[in-house]
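The residues of the chain are indexed from 1 along the displayed sequence. Quick caveat, the model's predicted, so the values are computed rather than measured.
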Amino acid sequence: MDLSLLFEDGVDPVDAATLFSRKAAHRKLDPTSFERVFEERMPRYKKAWEKELEHYLSEAPHFDELERGVRRALRKTNLIG
C-alpha cells in the first residue's frame, strides 16, 4: 500500500495531507471525499494484496498491520475520523 510506504519513510502525515489537499484542489476534486473513497476501496485493496502479492513475495507484510498503521497516520491528518 503506497500510503504505508509514504509514512514509513518518515513523511509527516499532516504535511502529506496538506499536499494531498492542494493536489485535489488543483485537479478540481473534493478532498473531503477522501474518507469515503478510502473506505470504499479498502476491501478491494485487501483482496488484491492477498491474491497478488503472494506471487511476488514469499513473505508479504500482513495487510491488516499495514492498514492499522495507515489509519493511525491518517487520523492525525483529519482526512479520516
Practice problem: Report the C-alpha distance between Trp49 and Leu66 in whole Å, list the side-chain angles of each, state the deciding distance to 0.1 Å, and finish with yes or no for side-chain contact (heavy atoms from CB on, under 4.5 Å). | Solution: CA-CA 11 Å; Trp49 183 273; Leu66 293 175; 3.2 Å; yes
Self-check item: side-chain contact (heavy atoms from CB on, under 4.5 Å) partners of Asn78, counting only residues at least two apart
Solution: none
Quiz item: Taking only residues two or more places apart in sequence or in another chain, which ones pass salt bridge (charged side-chain N to carboxylate O under 4.0 Å, His left out) with Glu59?
Solution: none
Quiz item: Should Ile80 and Leu19 be regarded as members of a common hydrophobic cluster, given that ILVMFWY residues are connected when their side-chain heavy atoms come within less than 4.5 Å of each other, either directly or indirectly?
Solution: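 The answer is no; the residues belong to distinct hydrophobic clusters.
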Quiz item: Do Leu3 and Val11 share a hydrophobic cluster (ILVMFWY, side-chain heavy atoms under 4.5 Å, transitive)?
Solution: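 Hydrophobic grouping puts Leu3 with Val11.
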Quiz prompt | Pair Glu67-Tyr45, side-chain contact (heavy atoms from CB on, under 4.5 Å): steps then yes or no | solution = CA-CA 10 Å; Glu67 180 183 2; Tyr45 291 157; over 6 Å; no
Quiz item: Is it the case that more than 12 heavy atoms not belonging to Arg75 sit under 6.0 Å from its CZ atom?
Solution: yes
Self-check item: Pairwise side chain to side chain donor-acceptor pair (under 3.5 Å) hits with a residue in residues 14-26, at least two apart
Solution: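 Those involving residues 14-26 do not exist here.
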Exercise. Would you check if His62 and Arg68 make a side-chain contact, meaning some heavy-atom pair closer than 4.5 Å?
Key: no
Quiz item: Do Phe38 and Val70 come close enough that some side-chain heavy atom pair is under 4.5 Å?
Solution: yes
Quiz: residues 29-36 side-chain donor-acceptor pairs under 3.5 angstrom, not counting sequence neighbours:
unit_1: Asp30; atom_1: OD1; unit_2: Thr32; atom_2: N; d: 3.0
unit_1: Asp30; atom_1: OD1; unit_2: Thr32; atom_2: OG1; d: 2.5
unit_1: Asp30; atom_1: OD2; unit_2: Thr32; atom_2: OG1; d: 2.7
unit_1: Ser33; atom_1: OG; unit_2: Asp30; atom_2: O; d: 2.7
unit_1: Glu35; atom_1: OE2; unit_2: Gly81; atom_2: N; d: 3.1
unit_1: Arg36; atom_1: NH1; unit_2: Glu40; atom_2: OE1; d: 3.4
unit_1: Arg36; atom_1: NH1; unit_2: Glu40; atom_2: OE2; d: 3.2

Quiz item: side-chain hydrogen bond (donor to acceptor under 3.5 Å, both in side chains) with Glu65: which residues, sequence neighbours excluded?
Solution: none
Quiz item: In Å and rounded to the nearest 0.5 Å, what is the CG to CG distance from Leu74 to Leu79?
Solution: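 Separation between the atoms: 6.0 Å.
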Exercise. Identify the heavy atoms of Thr77 and Pro13 that sit nearest to each other, and give their distance.
Key: CG2-O, 3.0 Å
Quiz item: Which residue pairs satisfy the salt bridge (charged side-chain N to carboxylate O under 4.0 Å, His left out) criterion with at least one member in residues 42-52, sequence neighbours excluded?
Solution: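 Listed by first then second residue: Lys46-Asp64.
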